[in-house]
Protein chains: 2
Amino acid sequence: MTQMTDAKNNIITKEMEFVAKEENIAVEKIRKWVAKGFVVIPKNIHRNTKPVGIGDNLKTKVNVNLGTSTDCIDIDMEIRKAIISEEYGADAIMDLSTGGELPEIRKQILKNTTLPVGTVPMYEIGIESKNKYGRVIDFDEDIIFNTIERQAKEGVDFMTLHCGITKHTIDTLNNDDRIMGVVSRGGAYITAYIMHHQKENPLYSQFDYLLEMLKEHDVTLSLGDGMRPGCLCDHTDRPQIQELIVLGELVDRCREAGVQVMVEGPGHVPLNNVETNMKIQKTLCKNAPFYVLGPLPTDLAMGYDHITSAIGGALAAYSGANFLCYVTPAEHVRLMNEDDVREGLIASKIAAQVADVAKGNKQAWAKEKEMAIARKNHDWEKQFELSIDSDKPKKMREELPPKEEDACSVCGEYCALLMVEEAGKR
Amino acid sequence: MTQMTDAKNNIITKEMEFVAKEENIAVEKIRKWVAKGFVVIPKNIHRNTKPVGIGDNLKTKVNVNLGTSTDCIDIDMEIRKAIISEEYGADAIMDLSTGGELPEIRKQILKNTTLPVGTVPMYEIGIESKNKYGRVIDFDEDIIFNTIERQAKEGVDFMTLHCGITKHTIDTLNNDDRIMGVVSRGGAYITAYIMHHQKENPLYSQFDYLLEMLKEHDVTLSLGDGMRPGCLCDHTDRPQIQELIVLGELVDRCREAGVQVMVEGPGHVPLNNVETNMKIQKTLCKNAPFYVLGPLPTDLAMGYDHITSAIGGALAAYSGANFLCYVTPAEHVRLMNEDDVREGLIASKIAAQVADVAKGNKQAWAKEKEMAIARKNHDWEKQFELSIDSDKPKKMREELPPKEEDACSVCGEYCALLMVEEAGKR
């Protein structure tokens with residue numbers, strides 16, 4: 001049984017109880033939302049994952065992508081990235097490895113974190129196809145479903161699968177004048193497969209079979225957005241929305257089957273269209289949890305896409321997104337290293353807190369109030385403790401310690417707070 | 001004569017022409033906006049400043065704060081900060097020095113940049129008062145106006161002056177239950193002065209005299225928001241709005257007198273109230289250019305306030321702010337060093353580009369399109385050239401060069417773009 005089928009049967013699982021406690025929300029509400037599909041708790045039955053709730057009315061969650069590439073295979077580094085992610089407060093990890101022994105890397109990551117772990121099985125499918133038939137797009141249904149089943153049995157908690165790319169979607173793509181074409185890697189495999197073999201996407205044509213498999217292990221399906229725009233100029237265009245309509249239909253089928261499902265979204269979106277993108281997803285997909293990559297509201301900040309993404313992510317989460325996929329400074333440049341992971345994660349956590357405050361989340365506001373009081377009291381230790389990253393500001397203050405202990409080295413003896421406090425005493 | 005009086009007299013100055021060219025807008029429109037006070041061009045008559053237009057319908061501008069503190073006096077470092085600012089595309093600089101020989105530091109900064117330079121004269125006023133009478137709040141009208149006049153004669157292009165803090169404003173402050181009190185340093189001097197001496201703010205009571213002085217040198221007045229909130233919990237409260245009403249009245253008086261004026265704004269604002277803050281300023285101050293510090297939509301990101309500020313700044317500029325004061329990673333921790341200046345400036349420039357794109361600025365969109373095409377063409381040199389900071393991504397790519405020259409080290413041979421291009425060719 002899945003969290004969703006249990007919820008439909010009025011069963012409260014220990015995972016729902018855990019989420020209810022974390023969010024400070026009555027567990028009966030959580031159960032109802034899971035039953036309706038408004039909230040997912042990605043947790044494979046084979047794995048002892050820390051339960052995390054994703055969906056409306058819950059705190060915004062943050063995902064870290066990691067994994068090898070063909071150019072850079074260092075399994076120890078990937079494990080360290082997983083450990084850093086948990087240490088700095090990620091809510092989930094996706095292993096996007098494409099280089100080296102994928103099953104072994106995945107095993108190590110699953111072993112070295114308690115967080116929900118997601119994958120994009122198309123990567124492994126492509127590599128298997130290449131090994132077996134010569135090209136990544138030569139996969140057949142056997143390779144596809146065997147790979148998905150193997151990963152499900154290994155304990156993968158959620159999987160991105162590009163089920164919404166159909167022949168029709170690609171017609172819509174070809175009828176439009178995108179600059180960047182398809183930038184989703186998994187989406188590109190499927191697109192190239194359909195274009196080359198003139199066959200329908202097996203993940204779409206065999207969707208019921210896929211659902212049976214995911215249900216058996218309670219793998220949460222993350223419906224990939226293969227048609228997401230790859231640059232600002234391509235934002236919110238017909239191929240993107242065409243695929244989203246299909247994704248909405250598939251959400252219905254998941255919910256009927258008792259399979260937990262969330263929907264992925266863009267990508268590259270100008271700030272004035274972020275809200276529109278969130279609302280159209282929430283309507284077309286009937287309030288399914290929304291998992292967004294970025295969005296990036298400019299393409300001009302290479303080396304700083306964690307900042308760009310924090311801008312877009314904050315507004316996205318405020319406008320309806322529930323799950324932010326972090327973007328690191330290395331995005332669009334090279335594979336991320338451990339520093340990039342930490343920086344990307346912190347930027348994404350800032351965006352999540354900004355959104356939760358803006359949505360009136362009580363836990364988020366309580367922390368803001370504690371920080372204000374700590375700052376008023378010149379309580380530096382408490383300020384560091386409340387900071388999303390405690391280490392960096394602590395180290396920075398030590399680099400240039402103020403002469404007056406209470407103050408900081410910006411204002412020194414001319415501290416505004418201390419001055420008005422003093423005048424008020426007279 | 002000031003830019004504004006010239007504009008009112010139908011005179012097109014060479015500064016207006018420069019701005020018109022930079023913005024690709026008809027100079028007659030610029031003249032009209034300057035005449036009405038919707039646009040300012042901060043440029044002291046004694047200085048050969050690069051003209052920069054600030055106001056509605058123009059690109060969002062970015063200011064860099066720098067300057068010594070009592071704890072850290074290194075004039076060479078401040079000069080280097082000024083040079084970095086210009087190099088990385090700042091539109092203006094404020095010298096906020098409070099330590100060392102202020103006139104000498106200011107002279108050096110004015111000499112080492114072509115950008116408009118602003119100051120907060122209250123800092124020097126406070127120090128003069130302390131030297132002469134023992135305390136920073138012991139200033140009199142002589143010290144105030146002599147300092148302002150001296151700085152105007154030296155060529156300072158714009159000055160932040162907290163003219164809107166009155167006895168009435170402070171009554172409103174005392175009738176509310178703020179956590180953080182007054183966090184504006186200049187504002188704190190005035191507040192403490194009024195509270196201690198039970199006298200009216202001379203910058204308010206002698207406002208006409210101040211205007212004469214500013215007009216003589218065409219110093220743009222930046223009306224300081226001494227009552228800006230110092231934490232999220234204090235946002236958009238009565239003292240802030242009370243002061244803003246006074247600032248609106250003072251804007252009218254500036255415009256009547258032919259003095260260029262902009263208005264400063266918060267500070268710490270939850271994301272859901274950013275737009276409200278921009279709109280209330282634009283209405284109460286009759287579309288005066290709006291200069292915002294941040295705003296920070298969370299207080300939990302110590303050491304990363306450049307990111308927090310980019311989130312708030314992007315939405316602020318999209319919603320009406322015209323001029324973003326950068327915030328560095330060192331904000332709330334210690335005085336900024338050169339790296340902080342660069343990082344803060346880049347974050348702020350990202351926010352400005354995000355806002356300009358969202359507002360449909362044609363120059364901003366043209367760059368986005370160029371970047372999309374460069375990326376589609378795997379033209380890495382062009383991508384770096386178009387980046388807000390070219391050096392960092394270039395260096396990052398060199399750290400982990402991809403095996404396939406066209407691709408990047410994330411996807412390597414599995415590049416989505418290349419794959420679909422290939423399939424499309426068949």
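Residue numbering restarts at 1 for every chain, and letters A, B, ... go by the order of the sequence lines. Everything numeric here is computed off the predicted structure, so don't read it as measured data.
Among A:A188, A:A347, A:G126, the residue making the largest number of heavy-atom pairs under 4.5 Å with chain B is A:A188. With chain A as partner, the option from B:T298, B:D234, B:L300 having the largest number of non-hydrogen pairs under 4.5 angstrom is B:L300. Interface remark: of the candidates A:N337, A:V274, A:D389, A:D389 forms the most heavy-atom pairs closer than 4.5 Å to chain B. By number of non-hydrogen pairs under 4.5 angstrom with chain B, the leading residue of A:A355, A:C233, A:C231 is A:C233. The candidate from A:K376, A:R375, A:K367, A:K369 with the greatest count of non-hydrogen atom pairs under 4.5 Å with chain B is A:R375. Between chain B and the residues A:I388, A:L315, A:V354, the largest count of heavy-atom pairs under 4.5 Å involves A:V354.
Contact annotation for B:I346: only side-chain heavy atoms (C-beta onward) come within less than 4.5 Å of a heavy atom of chain A. Contact of A:Y189 with chain B is made through backbone and side chain together, with heavy-atom distances under 4.5 Å. Within the 4.5 angstrom heavy-atom criterion, only side-chain atoms of B:D340, from C-beta onward, approach chain A. Only the side chain of B:K392 comes within less than 4.5 Å of a heavy atom of chain A; its backbone N, CA, C and O stay farther away. With a threshold of 4.5 angstrom between heavy atoms, B:E370 does not approach chain A through any atom at all.
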Please assess B:C72 against A:L400 for the test side chain to side chain contact (heavy atoms under 4.5 Å, CB included), listing each intermediate value before the final yes or no.
CA-CA 8 Å; B:C72 181; A:L400 191 67; 4.2 Å; yes

Could you go through A:I307 and B:H306, starting from their C-alpha distance and side-chain angles, then the distance that decides it, and tell me whether this counts as side chain to side chain contact (heavy atoms under 4.5 Å, CB included)?
CA-CA 9 Å; A:I307 296 181; B:H306 61 311; 4.1 Å; yes

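The closest donor-acceptor contact from the side chain of B:E368 to the backbone of A:D299 lies under 3.5 Å. Panel note: side chain B:R334, backbone A:R397; no donor-acceptor pair is recorded below 3.5 Å.
Side-chain contact between B:N272 and A:K359 is absent, with no heavy atoms from C-beta onward closer than 4.5 Å. Using a 4.5 Å heavy-atom threshold, the side chains of A:Y304 and B:I350 count as touching. Contact annotation: the side chain of B:P329 approaches that of A:M396 to within less than 4.5 Å [non-hydrogen atoms, C-beta and beyond].
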When the side chains of residues 177-184 of chain B are checked against the rest of the protein, which donor-acceptor pairs come out under 3.5 Å, sequence neighbours left out?
{"residue": "B:R178", "atom": "NE", "partner": "B:D237", "partner atom": "OD2", "Å": "2.7"}
{"residue": "B:R178", "atom": "NH1", "partner": "B:G181", "partner atom": "O", "Å": "2.9"}
{"residue": "B:R178", "atom": "NH1", "partner": "B:M227", "partner atom": "O", "Å": "3.3"}
{"residue": "B:R178", "atom": "NH2", "partner": "B:M227", "partner atom": "O", "Å": "2.4"}
{"residue": "B:R178", "atom": "NH2", "partner": "B:D237", "partner atom": "OD1", "Å": "3.1"}
{"residue": "B:S184", "atom": "OG", "partner": "B:H162", "partner atom": "NE2", "Å": "3.2"}
{"residue": "B:S184", "atom": "OG", "partner": "B:G187", "partner atom": "N", "Å": "2.8"}

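Contact detail for B:V357 and A:P297: the closest heavy-atom pair is CG1-O, 4.4 Å. When all heavy atoms of B:A358 and A:L271 are compared, the pair lying nearest together is CB-CB, 3.8 Å. Minimum heavy-atom separation, A:A314 to B:I311: CB-CG2, 3.6 Å.
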